[in-house]
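Take a look at the structure below.
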Amino acid sequence: MSDTIIRSLEELAARYGTPSDTSLAKEADHLTAHYRAFVEAAPFVLIASVGPEGLDCSPRGDPAGFVAIEDERTLLLPDRLGNNRVDTLTNIVRDPRISLLFLIPGIGETLRVSGTGEIDTAADLLERFAMNGKLPRSVLRVRIASVYFQCQKALVRSRLWDPASQVDRRSLPSTGEMLAARMADFDGAKYDADYPERLKQTIY
């Protein structure tokens, strides 16, 4: 049987050809005015990072504009209360390379930002991102290396923003059920019953 795995850049290029002029023109080394508008409108971003143990991709969300633009080459992201795994931050301390993917509800295009990150805990910086009287534990400063916008195809194919494609949460295992399957003597039903109030108390 012939080997069907692509193992070289030459094989990859032979399979896919060259990128279009428009796809190359999309990339910039800073936030243009148009790309800035996408960052300001986004309430959700995925952060990809890398460390000795491997890769991580984590979600971040807040009201639109929560990622502050310090200048055309610098972004600021508050780190809200979470589960204390700090996978992203652990990676950044050891390897500062990160990539961000911004999503805006109802918009097909996404915006990709790649660069390096550093974790800042300056008091005045934390104060800038207070929410409901609570400060983030740190702020992630992203030094931009490249910015690129992705076309609509992936979101159109997935019907991500189509209300008709929404999944009933009850059709999937609940958080409590998933935890009970991983932890001995864990009361998943109680966890699920308590979660709405716990979310209110711990979201910030």
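Just the heavy atoms: all of them, side chains too, but no hydrogens, waters or symmetry mates, feed the values below.
Enclosure of atom CZ in Arg169 by more than 12 non-hydrogen atoms of other residues, nucleotides or ligands within 6.0 angstrom is indicated. No more than 12 heavy atoms of other residues, nucleotides or ligands lie within 6.0 Å of NE2 in His34, so this atom counts as exposed by the packing criterion. More than 12 heavy atoms of other residues, nucleotides or ligands lie within 6.0 Å of CZ in Arg198, so this atom counts as buried by the packing criterion. By the 6.0 Å contact criterion, CG on Asp162 is enclosed, its count of non-hydrogen atoms from other residues, nucleotides or ligands being greater than 12.
In terms of hydrophobic clustering, with Ile, Leu, Val, Met, Phe, Trp and Tyr side chains grouped at heavy-atom distances under 4.5 Å, Phe44 and Tyr148 are assigned to different clusters. By the rule that hydrophobic residues join a cluster once side-chain heavy atoms approach within less than 4.5 Å of another member, Leu155 and Leu46 end up as members of one cluster. Placement of Leu140 and Val50 in two distinct hydrophobic clusters is found when ILVMFWY residues are connected by side-chain heavy-atom separations under 4.5 Å, directly or transitively. In the hydrophobic cluster analysis, where Ile, Leu, Val, Met, Phe, Trp and Tyr join through side-chain heavy atoms closer than 4.5 angstrom, Ile98 is grouped together with Ile144. Hydrophobic clustering (ILVMFWY, side-chain heavy atoms < 4.5 Å, transitive): Val113 and Val139 are in distinct clusters.
One finds a salt bridge joining Glu40 and Arg36 here, because a Lys/Arg side-chain nitrogen approaches an Asp/Glu carboxylate oxygen to under 4.0 Å.
Closest of all the heavy-atom pairs between Arg128 and Leu76 is NH1-CD1, 3.6 Å. Between Arg182 and Met178, the shortest heavy-atom contact is CG-O, 3.3 Å. Minimum interatomic distance between Thr202 and Leu81 (heavy atoms only, all atoms of both residues): O-CD2, 3.2 Å. Nearest heavy atoms, Asn91 versus Ser49: ND2-OG, 2.9 Å. Residues Val93 and Ile119 approach most closely at CG2-CD1, 3.7 Å, considering heavy atoms. Closest approach of Thr88 to Ser58, counting heavy atoms only: OG1-OG, 3.4 Å.
The backbone N or O of Thr90 lies less than 3.5 Å from a partner atom in the side chain of Arg94, making a donor-acceptor pair. With hydrogens and angles ignored, the 3.5 Å screen pairs a side-chain donor or acceptor of Asp95 with a backbone N or O of Arg97.
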Show me the donor-acceptor pairs, under 3.5 Å and distance only, between side chains in residues 100-111 and residues at least two apart or in other chains.
residue	atom	partner	partner atom	Å
Glu109	OE2	Gln152	NE2	3.0

Report, one line per pair, each donor and acceptor closer than 3.5 Å where one atom sits in a side chain of residues 67-74; sequence neighbours left out.
residue	atom	partner	partner atom	Å
Asp71	OD1	Arg73	N	2.8
Asp71	OD1	Thr74	N	3.0
Asp71	OD1	Thr74	OG1	2.9
Asp71	OD2	Thr74	OG1	3.3
Arg73	NH1	Asp29	O	2.9

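Interatomic distance, Leu89 CG to Asn84 CG, rounded to the nearest 0.5 Å: 10.0 Å. Here the CG atom belonging to Asp79 is positioned 8.5 Å from the CZ atom belonging to Arg137, to the nearest 0.5 angstrom. Between Ile92 atom CD1 and Arg141 atom CZ the span is 12.5 Å, to the nearest 0.5 Å.
Partners of Arg80 according to the side-chain contact (heavy atoms from CB on, under 4.5 Å) rule, which considers only residues two or more places apart in sequence or in another chain, are Asp62, Pro78, Phe129, Met131, Pro136, Tyr204. Applying the side-chain contact (heavy atoms from CB on, under 4.5 Å) criterion to Pro196, with sequence neighbours excluded, gives no partner residue. Partners of Phe186 under the ring-ring contact (aromatic ring centres under 6.0 Å, His included) rule, at least two apart in sequence or in another chain, are Tyr191. Under the rule for a side chain to side chain donor-acceptor pair (under 3.5 Å), Asp185 has no partner lying at least two apart in sequence or in another chain.
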**Asked** Are His30 and Val147 close enough, and set up right, to give a side-chain contact (heavy atoms from CB on, under 4.5 Å), and what steps lead you there?
**Response** CA-CA 6 Å; His30 65 285; Val147 188; 5.9 Å; no
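With no hydrogens or angles considered, no side-chain donor-acceptor pair links Ser138 and Thr121 at under 3.5 Å.
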